[in-house]
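So you know, we letter chains A, B, ... as the sequences are listed, proteins then strands, and number each from 1. Heavy-atom basis, side chains included; hydrogens, waters and symmetry copies ignored.
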There are 2 protein chains.
Amino acid sequence: MSVPKDEGQGNGAAPRWRRRKDARPDEIVEAALEVFARRGFAAARLEDVAARAGISKGTLYLYFPNKEELFKAAVRTAIVPGIAAGERLAADPATPSLEVLRSIVGGIAARMMTSPAGVIPKLMIAEAGNFPELARFYFDEVIRRGFALLSSVLEHGIARGEFRPVPVAATVRLVIAPVLLMAVWRTSFEAVEGKPQDVDGIVAAHLDAMGRSLAPDGAERRPASGGAARTRAGGDPP
Amino acid sequence: MSVPKDEGQGNGAAPRWRRRKDARPDEIVEAALEVFARRGFAAARLEDVAARAGISKGTLYLYFPNKEELFKAAVRTAIVPGIAAGERLAADPATPSLEVLRSIVGGIAARMMTSPAGVIPKLMIAEAGNFPELARFYFDEVIRRGFALLSSVLEHGIARGEFRPVPVAATVRLVIAPVLLMAVWRTSFEAVEGKPQDVDGIVAAHLDAMGRSLAPDGAERRPASGGAARTRAGGDPP
DNA sequence: TGTTAATAACTGACTGGTCAGTTATAAAAG
DNA sequence: CTTTTATAACTGACCAGTCAGTTATTAACA
């Protein structure tokens, strides 16, 4: 009933939308990452995600069955390449273990502070309790792999006598904790404090402390890092 | 309109409620802490808080003007005594700085893993972005004080030659990061992993690493802790 | 080459459910 | 019989997920 109003684009060209089946998923994931980053999982509005991706909410559901799957896709896109990069670094047997550890920590820190991926840890911490399935997903796909990577570097270093025999599982947490704290701080309190955190200073202090506390008991002090084994690592800002 | 139905407690004794103006606030705060702990700030339902405190939702608003103020009250109750305890520990000039640091870190770790206060950091990390006023409150009342406390211990130790001259602001973060990670892990992923984290092992590894990385450059290795200056500290479980 | 039929892509109004905060009412206390 | 303390029903706002209908694109046919 009622007149089918045909007004709209009547005169010109520009269609109201275009069919873009192939390009959509990536665009949606990118938009989702931004919105999830800003608001968290529960508080993110799918209408915002859709708007940012230039589509309507309904269209979103043509590509992802629900909010949770969209979130998983966003996490995978943001995190997996980073872990893979770390695994590549660790694979070179010629690099001293301490250098590998430094490259990995530095690389993670760089990613955390620049890419959108940096918000993921905060996000998972925030929502793990209320969304156990997401927690399990993140635990399986990110945490387990990351811990395995760092554990293997530590074990390797101990076996070669480059590190003193530390308790590996505990030490992995000590290694990663400051980096996570920086990432979390960035999204939670940096704005409140008003000044940016001294990322380079913190990373440097952490690498220094790691070197000292991992050094075998009889070792003389070894220079901070030299220019020797500096392979391609995270990033080297001017 | 319609009949004012007067049925109800007609016959028996037991009054529907009793006047308890004085006892209420604490009971409500305690209930609130539990609910906030389980669900976070945004997802916590005030109806649950009321139910747990044995009152109705409306009654809650007789004691607290809104959700945010209730949350602040809960945080104050849970956190402030802990910081005060740390400040007392640091006030004794006879205790070696490393011992003070160890006591504080051990004390915080013990609190984090046993009391309901342990959920607060996760909570604030989760909600700071969406509730800036809460973030500011927490930053001012907790973070600033805690950082000041640890900074003073480090500076004191450096001045007395007990620590090498580390960058203080960065080192404070390194000191606190593993403890926060433990607290966050407890509420976010412990259930997912299925096994409890090795708190004692992690704390021990951290204290050990701290001792090594803070030691003045020329110092010989000093024994882990001795029995010397062990004042009243956090807790000593069997 | 132009016309039309078929369909895949897309839209946005709607539903059902949740929850912070309000208020009319009434029981206890004094 | 007035004041204080409490209740429970109510309001208004929000949002994930659905679906009936609309539009761009493609294929078939003339």
Review point. Does D:dA6 have OP1 or OP2 sitting under 4.0 Å from an N or O in the side chain of B:Tyr63?
Key: yes

Check your understanding: What integer distance in Å separates B:Leu60:CG from C:dT23:P?
Key -> 17 Å

Revision key, fill the gap. A:Glu155 meets the salt bridge (Lys or Arg N to Asp or Glu O under 4.0 Å) criterion, sequence neighbours left out, with none

Point to revise | Interatomic distance, A:Leu70 CG vs D:dA16 P [rounded to whole Å] | key: 11 Å

Review point. Do any pairs count as a salt bridge (charged side-chain N to carboxylate O under 4.0 Å, His left out) and have a residue in residues 81-91 of chain A, sequence neighbours left out, and if so which ones?
Key: A:Glu87-A:Arg145

Check your understanding: C:dG12 P sits how many Å from A:Leu62 CG, rounded?
Key -> 13 Å

**Study point:** Rounded interatomic separation in angstrom, taking CD1 from B:Ile28 and P from D:dT5
**Key:** 13 Å

Check your understanding: Going from CZ on A:Phe64 to CZ on A:Phe71, what distance comes out if it is rounded to the nearest 0.5 angstrom?
Key -> 13.0 Å

Exercise for review: Return the set of residues passing salt bridge (Lys or Arg N to Asp or Glu O under 4.0 Å) with B:Glu69 (not counting sequence neighbours), or none when no residue passes.
Suggested key: B:Lys72

**Study point:** Contacts of A:Asn130 that satisfy side-chain hydrogen bond (donor to acceptor under 3.5 Å, both in side chains) - sequence neighbours left out
**Key:** none

Check your understanding: Tell me, which pairs form a ring pair (Phe, Tyr, Trp, His ring centres under 6.0 Å) where one or both residues lie in residues 104-128 of chain A, sequence neighbours left out?
Key -> none

Practice item. Output the residues of residues 38-58 of chain A in contact with DNA chain C, where contact means a heavy atom of the residue under 4.0 Å from an atom of the strand; sort by number or write none. Key: A:Ile55, A:Ser56, A:Gly58

Exercise for review: Could you tell me the separation between the CG atom of B:Asn130 and the P atom of D:dC15, rounded to a whole number of Å?
Suggested key: 11 Å

**Study point:** Length of the CZ-P vector between B:Phe64 and C:dA20, whole Å
**Key:** 16 Å

Exercise for review: Return the nearest nucleotide to the side chain of B:Lys67; candidates are C:dA20, D:dA6, D:dT18.
Suggested key: C:dA20

Practice item. Find the distance A:Tyr61:OH to D:dT18:P and express it as a whole number of Å. Key: 7 Å

